[in-house]
Amino acid sequence: MTTPAQLARFNNLTLGYEKHPAVHHLSGDLLHGDLLAVVGPNGGGKSTLLKGMMAQLKPLGGRIEWSQPPQLAYLPQRARLDLDFPLRVIDFVALGCWPQVGAFGGVRRTAIQQVSRALEQVGMQQFEKRSLDSLSGGQLQRVLFARLILEDAPLILLDEPFAAVDEATQEDLMHLIQHWHQQGRTIIAVLHDLQQVKRHFPRCLLLAREVLGFGPTDQVLTEDNLRRARKMQVAFDPLAPICDLHLDEEAEASHA
Ligand SMILES: Nc1ncnc2c1ncn2[C@@H]1O[C@H](COP(=O)(O)OP(=O)(O)OP(=O)(O)O)[C@@H](O)[C@H]1O
């Protein structure tokens, strides 16, 4: 059961691949209107957690209890995106409002102004007619954020939104995230810049397969916790012992 303040509850959640946990026994709450950073070493399970939240991965153990079915928008890691095709910026961003306007007809009529406004918000109004594959990395990231604006989701998951993005672009995109937060949306961002997390994110999850801290950022990003995070061996090891819980049975029970 969740309380009204909770959007979701991680209940002893274990996620992984071929029964080897990548996120191990996570418990804690995601609150409505949270601005939560997920930090930790490479391979620590941050992207895996987002995949679990999107139900792309079924829990090996435990569960995520949602207060209501989640309506979410997702920004994947840029390295995982293959946008090397000649789609125009305007058409790509318009895909963000596909669910509202339906597949046929309406896009041009109803969405064109919204698309222009979103591109203006990210400073890309001059680029409407350009093809995606002609954009620089930072410009592409702005366009991806414009599409998130159109998706208009109450829960937004961002996987390394500032990777390989210059300072000015980071600042602009951070403003947009703060704007979303002020609108009452819930935002979870996977980040590596701890100073940025301390400055802008009130809550934080430190993940190195195990949960090393989950709560107010100043209580999570302590020297002690960060030292422990650095020491964690988080490489995926196919020979590592499988979690000693009866994971299958537990997952079965949680889905019953
Ligand atoms: N499809 C997969 N099959 C097997 N193992 C995987 C798969 N995807 C991820 N892993 C492993 O799960 C572990 C967690 O990966 P994940 O991508 O969640 O880490 P991360 O914290 O997001 O890392 P990074 O900071 O490097 O992006 C890693 O050891 C990774 O190799």
Side-chain angles (χ1 to χ4, degrees), residues 8 10 12-28 30 34-64 70 72-83 137-138 140-141 144-145 148 155-165 170 173-174 177 187-198 200-201 203-215 217 220-221 225-245 247-248 251:
F10 303 111
N12 200 22
L13 177 70
T14 293
L15 297 164
Y17 307 92
E18 298 147 41
K19 296 195 179 174
H20 295 278
V23 173
H24 213 189
H25 301 309
L26 167 63
S27 289
L30 180 64
D34 240 342
L35 182 52
L36 177 78
V38 182
V39 301
N42 288 144
K46 303 178 294 296
S47 299
T48 300
L49 176 60
L50 299 193
K51 284 187 219 164
M53 295 185 71
M54 291 185 294
Q56 286 180 6
L57 270 183
K58 195 174 154 200
L60 296 176
R63 58 192 173 272
I64 306 177
L72 54 84
Y74 168 60
L75 178 84
Q77 266 184 35
R78 240 204 14 244
R80 305 216 178 276
L81 279 171
D82 179 14
L83 294 175
L140 179 60
Q141 202 68 349
L144 291 170
F145 267 71
L148 289 176
L155 171 60
I156 301 173
L157 308 180
L158 306 169
D159 200 346
E160 301 197 20
F162 304 133
V165 159
Q170 281 193 34
L173 298 181
M174 195 61 232
I177 290 173
I187 295 142
I188 304 182
V190 172
L191 295 167
H192 283 286
D193 180 345
L194 298 184
Q195 295 313 319
Q196 190 172 49
V197 172
K198 286 177 186 166
H200 298 297
F201 288 77
R203 297 215 316 139
C204 180
L205 165 63
L206 176 57
L207 198 57
R209 185 183 301 141
E210 312 294 333
V211 180
L212 299 182
F214 190 1
T217 298
V220 171
L221 297 184
N225 281 344
L226 293 172
R227 207 172 18 249
R228 284 167 63 213
R230 279 192 292 271
K231 276 194 195 147
M232 299 291 289
Q233 165 58 270
V234 291
F236 180 70
D237 179 358
L239 300 176
I242 290 171
C243 182
D244 58 3
L245 283 176
L247 294 172
D248 283 338

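Scope of the values below: all heavy atoms of this structure, side chains included, with no hydrogens, waters or symmetry mates. Just so you know, residue 1 is the first one in the sequence shown, and it goes up from there. Start at 1 and go down the list; that is how both ligands and their atoms are numbered.
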**Message:** Donor-acceptor check, side chain of T48 to backbone of V23, threshold 3.5 angstrom: yes or no?
**Reply:** no

**Request:** Look at ligand 1 and say whether P41 reaches it with a heavy atom at a distance under 4.0 Å.
**Result:** yes

**Prompt:** Taking only heavy atoms of G45, which atoms of ligand 1 are found under 4.0 Å from at least one of them?
**Reply:** 14 (C), 18 (O), 19 (O), 20 (P), 21 (O)

**Prompt:** Is there at least one pair of N or O atoms, one from G44 and one from ligand 1, spaced under 3.5 Å apart?
**Reply:** yes

**Message:** Taking a cutoff of less than 4.0 Å between a non-hydrogen atom of the residue and any ligand atom, is G40 in contact with ligand 1?
**Reply:** no

**Complete:** For L148 and A73, the nearest pair of non-hydrogen atoms, with its separation, is CD2-CB, 3.8 Å

**Request:** Locate the shortest heavy-atom distance separating V190 from P161; write the atom from each residue and the value.
**Result:** O-CD, 3.4 Å

**Asked** Is it true that K51 lies under 4.0 Å from ligand 1, counting heavy atoms only?
**Response** yes

**Prompt:** For the side chain of R209 and the backbone of G45, is there at least one donor-acceptor N/O pair under 3.5 Å apart?
**Reply:** no

**Asked** Does ligand 1 have any atom that is closer than 4.0 Å to a heavy atom of R209?
**Response** no

**Item:** Main-chain N/O of D193 paired to K198 side chain as donor or acceptor, under 3.5 Å
**Value:** no

**Asked** Can you check whether G43 has an N/O within less than 3.5 Å of an N/O in ligand 1?
**Response** yes

**Item:** Close-contact set for ligand 1 against T48 heavy atoms, below 4.0 Å
**Value:** 14 (C), 15 (O), 16 (P), 18 (O)

**Polar proximity ligand 1 side, E18 side, N/O cut 3.5 Å exclusive** = no

**Request:** Check S47 against ligand 1 and report side chain, backbone, both or neither, counting heavy atoms closer than 4.0 Å.
**Result:** both

**Request:** May I ask you to decide if the ring planes of F145 and F162 are parallel, tilted or perpendicular, using 30° and 60° as cut-offs?
**Result:** parallel

**Asked** Taking the side chain as C-beta and beyond, is there a heavy-atom pair between K51 and L15 under 4.5 Å?
**Response** no

**Item:** Residue portion contacting ligand 1 (non-hydrogen atoms closer than 4.0 Å) for E160
**Value:** side chain

**Item:** For A22, the ligand 1 atoms whose distance to one of its heavy atoms is below 4.0 Å
**Value:** 12 (O), 13 (C), 14 (C)

**Prompt:** Hey, are the side chains of V220 and V39 touching, using non-hydrogen atoms and a 4.5 Å cut-off?
**Reply:** no

**Asked** Considering only heavy atoms from C-beta outward, does the side chain of Q77 approach that of S47 to under 4.5 Å?
**Response** yes

**Request:** Below 4.0 angstrom from a heavy atom of H192, which ligand 1 atoms are there? Numbered from 1 as shown, please.
**Result:** 25 (O)

